[in-house]
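Structure first, then comments.
Worth saying up front: this structure is predicted, and the values here are computed from it rather than measured. So you know, we letter chains A, B, ... as the sequences are listed, proteins then strands, and number each from 1.
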Number of protein chains: 2
Amino acid sequence: MDNFNFHVTTDIRFGKDRLAELPEVMNQFGKNVLLVYGGGSIKKIGLYDKVMEQLTANGNRVFELAGVEPNPRVETVRKGVEICRKENIDVLLAVGGGSTIDCAKVVAAATLYEGDAWDMVLQRRKLNGPALPLVTILTLAATGSEMNSGAVISNLSTNQKLGVGSPSMLPKVSFLDPTNTFSVNKYQTAAGSADIFSHLIENYFKRTEGTDVQDSVSEGLMRSVIKNCPLALKYPEDYDARANLMWASTLALNGLTGNGKTGSWSCHPIEHELSAFYDITHGVGLAILTPRWMEYALNDETVAKFAQFAWNVWDVEEKVPMMAARIGIQKTYDYFKACDIPMTLPEVGINEEKFAIMAQQAVDHNAIKTAAYVPMDVKDVEGILEACLTESSFV
Amino acid sequence: MDNFNFHVTTDIRFGKDRLAELPEVMNQFGKNVLLVYGGGSIKKIGLYDKVMEQLTANGNRVFELAGVEPNPRVETVRKGVEICRKENIDVLLAVGGGSTIDCAKVVAAATLYEGDAWDMVLQRRKLNGPALPLVTILTLAATGSEMNSGAVISNLSTNQKLGVGSPSMLPKVSFLDPTNTFSVNKYQTAAGSADIFSHLIENYFKRTEGTDVQDSVSEGLMRSVIKNCPLALKYPEDYDARANLMWASTLALNGLTGNGKTGSWSCHPIEHELSAFYDITHGVGLAILTPRWMEYALNDETVAKFAQFAWNVWDVEEKVPMMAARIGIQKTYDYFKACDIPMTLPEVGINEEKFAIMAQQAVDHNAIKTAAYVPMDVKDVEGILEACLTESSFV
């Protein structure tokens with residue numbers, strides 16, 4: 001196990017009927033609030049009205065940054081920064097999924113940064129500076145952004161989708177109410193679950209040895225997702241299914257499963273290129289890539305870990321490691337498919353046309369050539385993308 | 001899943017060779033330090049000298065509360081309070097295991113409490129007050145006190161051992177260096193592991209439904225303990241074995257496995273009486289009690305959970321739930337025995353003489369009669385204690 005820090009101070013308020021706590025939470029930070037949200041689903045489910053009712057009664061001055069995109073764009077960040085500066089915003093309140101929260105994080109930091117927001121993103125190290133305080137109300141179990149200090153921002157004009165992070169961007173308080181995800185449709189529920197699963201996979205398959213705690217926690221969270229996503233798809237208002245997906249999403253990416261292990265992620269760098277060029281749903285891109293990446297990464301050196309994955313996560317009974325590993329990959333693929341996720345790139349409107357440039361950028365923007373679980377060069381990434389063109393079988 | 005809060009702000013510095021960070025950590029709080037430690041093992045392993053070297057070079061004024069007992073006593077707390085008040089202590093530095101950290105927590109709180117320390121313990125609710133800041137350097141993987149706000153204090157004059165807790169008692173920073181546990185002997189390593197295991201068991205067997213995340217995380221941590229305790233017993237300087245035990249101890253009792261579930265613990269209330277009357281090693285008492293409590297708690301209503309425990313934690317292949325459950329209990333018993341833990345009460349010098357009074361106090365001091373996983377009255381507790389008089393078999 002590698003040395004690590006774990007210092008995650010977000011105050012989690014988990015459960016239903018807790019919005020009455022919002023005024024006391026906001027009053028810790030000030031009266032001028034920037035409310036950040038996406039395409040309006042929070043109005044449909046009545047959450048917007050409930051939040052405004054609390055803030056109005058509390059005497060808050062509320063400004064709005066609405067319409068945050070599913071892959072949030074730097075142009076939207078700039079709009080938010082302008083409001084924050086002009087209206088002397090004290091605290092941001094992000095109501096939505098990971099994209100909304102990510103956008104709010106970058107607004108919070110960029111407001112206190114002298115240059116342009118995209119410069120801040122590009123020169124990531126400069127992010128070790130201050131940020132305005134951020135409170136979140138989560139409406140989608142997926143990214144884990146509600147309890148970590150990272151964010152992903154897109155610049156479609158340059159086809160770039162990049163991650164940034166800074167301790168000051170960690171949400172101060174996050175409200176996690178599973179009932180706020182009851183109305184999430186099947187496609188987004190499945191995509192969100194695939195995103196959670198992928199975060200766990202990315203942290204699970206690393207080269208650091210002796211990390212039983214991190215790995216067994218990951219296995220447990222994967223089992224929780226595997227059990228509860230189908231329940232949430234079948235019974236969208238199953239409180240416990242939604243609660244387990246929501247808490248799993250948070251724990252999958254708050255440091256518990258990744259700290260103490262070194263190395264680059266593998267599928268996210270490739271998926272970020274798919275999203276940057278085609279603006280597809282992040283979790284769907286990950287679901288498509290993951291089993292093909294697994295097949296690429298499975299070899300004599302990695303088979304023990306893949307077999308452990310098959311036995312402990314999928315209860316595979318086959319004892320021969322290489323065969324068990326292949327069954328585990330097949331089960332992963334079949335599972336995503338059973339959740340009605342389109343499992344080939346053509347189904348989401350992507351063909352081989354831009355494979356070369358996407359593969360090149362995935363390698364250029366990340367450390368996958370040197371620090372991935374199994375290092376990947378441009379040809380390797382192209383091969384993985386090509387394997388996503390048609391249905392696959394792994395056993 | 002029940003509503004819950006999770007707000008655990010301790011700054012964890014995990015890994016070896018990190019003591020150079022101590023001055024920067026202490027300077028956050030002030031120059032006057034109360035160093036709290038136990039029987040002197042930190043001197044034997046050279047840790048005392050290393051800590052003093054850092055503090056001296058940093059210009060700290062260091063006072064000492066030494067000789068904290070394995071079940072820390074209120075008399076020791078009072079001594080610490082006196083030093084804190086007289087010397088205007090800014091911050092406590094606890095170097096040791098859970099007992100040392102627990103003692104330091106109560107000193108930190110009682111210093112800022114007007115009445116006597118034991119009054120504060122008895123009237124627990126008064127603890128929702130301030131406490132001096134506390135930094136810890138952990139030397140034993142067991143109690144999880146390094147990342148939670150609870151403490152257990154004994155008053156041998158009244159045969160009481162009681163838990164107290166308050167958010168202000170949460171350590172600000174904890175240094176978790178596995179090498180500081182290399183010299184922990186086999187008996188204490190096994191007892192510490194039994195303590196971790198028991199915390200997981202206590203949180204696992206609760207009546208709240210729909211807690212897959214908490215339960216699967218618990219299962220993963222139990223598997224980590226089961227794998228790594230025997231390694232640490234055989235190879236005391238196996239870094240990864242010690243690291244996994246240490247991180248498991250911290251995560252077992254920081255809220256991850258218990259928050260979102262309601263109900264009283266079962267074995268700890270009984271073990272606290274054993275320790276209060278006989279001053280035995282806490283983890284050993286828990287190891288003795290746990291399988292007998294499991295046999296008591298196993299019935300038609302609870303069999304599904306016990307079978308899940310057997311399948312997911314012990315890889316039991318038996319498919320019939322009641323039989324699988326019994327095998328799981330047997331494996332738990334055999335495991336503790338294989339770790340050379342004495343598994344009957346007579347082996348630790350306890351006979352039936354005080355069973356009645358201990359059972360009475362266990363019921364009086366706790367909510368086990370109403371809120372335990374399977375409620376227990378005085379006769380039930382006596383029955384469990386009686387089952388601990390001789391070797392047991394569960395299948």
Side-chain angles (χ1 to χ4, degrees), chain A residues 1-18 21 147 173-174 176-178 208-228 231 238-252 255-256 259-260 311-312 315 317, chain B residues 1-18 21 147 173-174 176-178 208-228 231 238-252 255-256 259-260 311-312 315 317:
Chain A
M1 197 182 296
D2 294 329
N3 284 8
F4 65 88
N5 288 2
F6 185 89
H7 189 207
V8 187
T9 57
T10 305
D11 179 353
I12 297 289
R13 314 276 177 115
F14 195 100
K16 52 193 163 190
D17 303 327
R18 302 194 62 165
E21 298 168 27
M147 201 183 185
V173 184
S174 284
L176 274 53
D177 180 348
T208 311
E209 299 281 334
T211 54
D212 296 313
V213 166
Q214 289 88 337
D215 292 349
S216 65
V217 168
S218 287
E219 288 163 1
L221 294 173
M222 285 192 250
R223 294 173 72 102
S224 295
V225 173
I226 290 165
K227 175 179 169 186
N228 286 287
L231 288 171
D238 180 328
Y239 182 85
D240 284 336
R242 294 292 193 178
N244 280 297
L245 286 179
M246 188 172 252
W247 194 216
S249 80
T250 308
L251 298 183
L256 270 184
N259 294 10
W311 293 323
N312 292 354
D315 289 328
E317 297 197 351
Chain B
M1 197 183 296
D2 294 328
N3 284 7
F4 64 89
N5 288 1
F6 185 90
H7 190 205
V8 187
T9 57
T10 305
D11 179 353
I12 297 289
R13 314 276 176 116
F14 195 100
K16 52 194 164 188
D17 302 326
R18 302 195 61 166
E21 298 167 27
M147 201 184 185
V173 183
S174 284
L176 274 54
D177 180 347
T208 311
E209 300 280 333
T211 53
D212 297 313
V213 166
Q214 290 88 337
D215 292 350
S216 66
V217 168
S218 288
E219 288 164 358
L221 294 173
M222 284 192 250
R223 295 173 71 102
S224 295
V225 173
I226 290 165
K227 174 178 171 187
N228 286 287
L231 288 172
D238 180 328
Y239 182 86
D240 284 335
R242 294 293 193 178
N244 280 296
L245 287 179
M246 188 171 253
W247 193 217
S249 81
T250 308
L251 299 183
L256 270 184
N259 293 11
W311 292 323
N312 292 353
D315 290 328
E317 297 197 350

Taking the side chain as everything from C-beta on, heavy atoms only, tell me whether [X] gets closer than 4.5 Å to [Y].
X	Y	result
A/D212	B/R223	no
B/W247	A/Q214	yes
A/V213	B/M246	no
A/L256	B/L251	yes
A/V173	B/H7	no
B/M147	A/F6	yes
A/M1	B/F14	yes

(message) Can you tell me if B/E209 has over 12 outside heavy atoms packed within less than 6.0 Å of its CD?
(response) no
(message) With rounding to the nearest 0.5 angstrom, report the CD1 to OG distance, A/I226 to B/S216.
(response) 10.5 Å
Below 4.5 Å from any heavy atom of chain B, which atoms of [X] appear? Answer side chain, backbone, both or neither.
X	answer
A/D238	neither
A/E317	side chain
A/S218	neither
A/K227	side chain

(message) Which residue in the set B/R13, B/E21, B/R18 passes side chain to side chain donor-acceptor pair (under 3.5 Å) when paired with A/N5?
(response) B/R18
(message) Using a 4.5 angstrom heavy-atom cutoff, name the option from A/D11, A/N312, A/N259 with the most pairs to chain B.
(response) A/D11
(request) Output the option from A/V225, A/T9, A/V217 having the highest count of non-hydrogen pairs under 4.5 Å with chain B. (result) A/T9
(message) Can a donor-acceptor pair be found, under 3.5 Å and without considering hydrogens, that links the side chain of B/D240 to the backbone of A/T211?
(response) no
(request) Specify which of B/G220, B/S174, B/G260, B/A248 makes the most heavy-atom pairs with chain A at under 4.5 Å. (result) B/G220
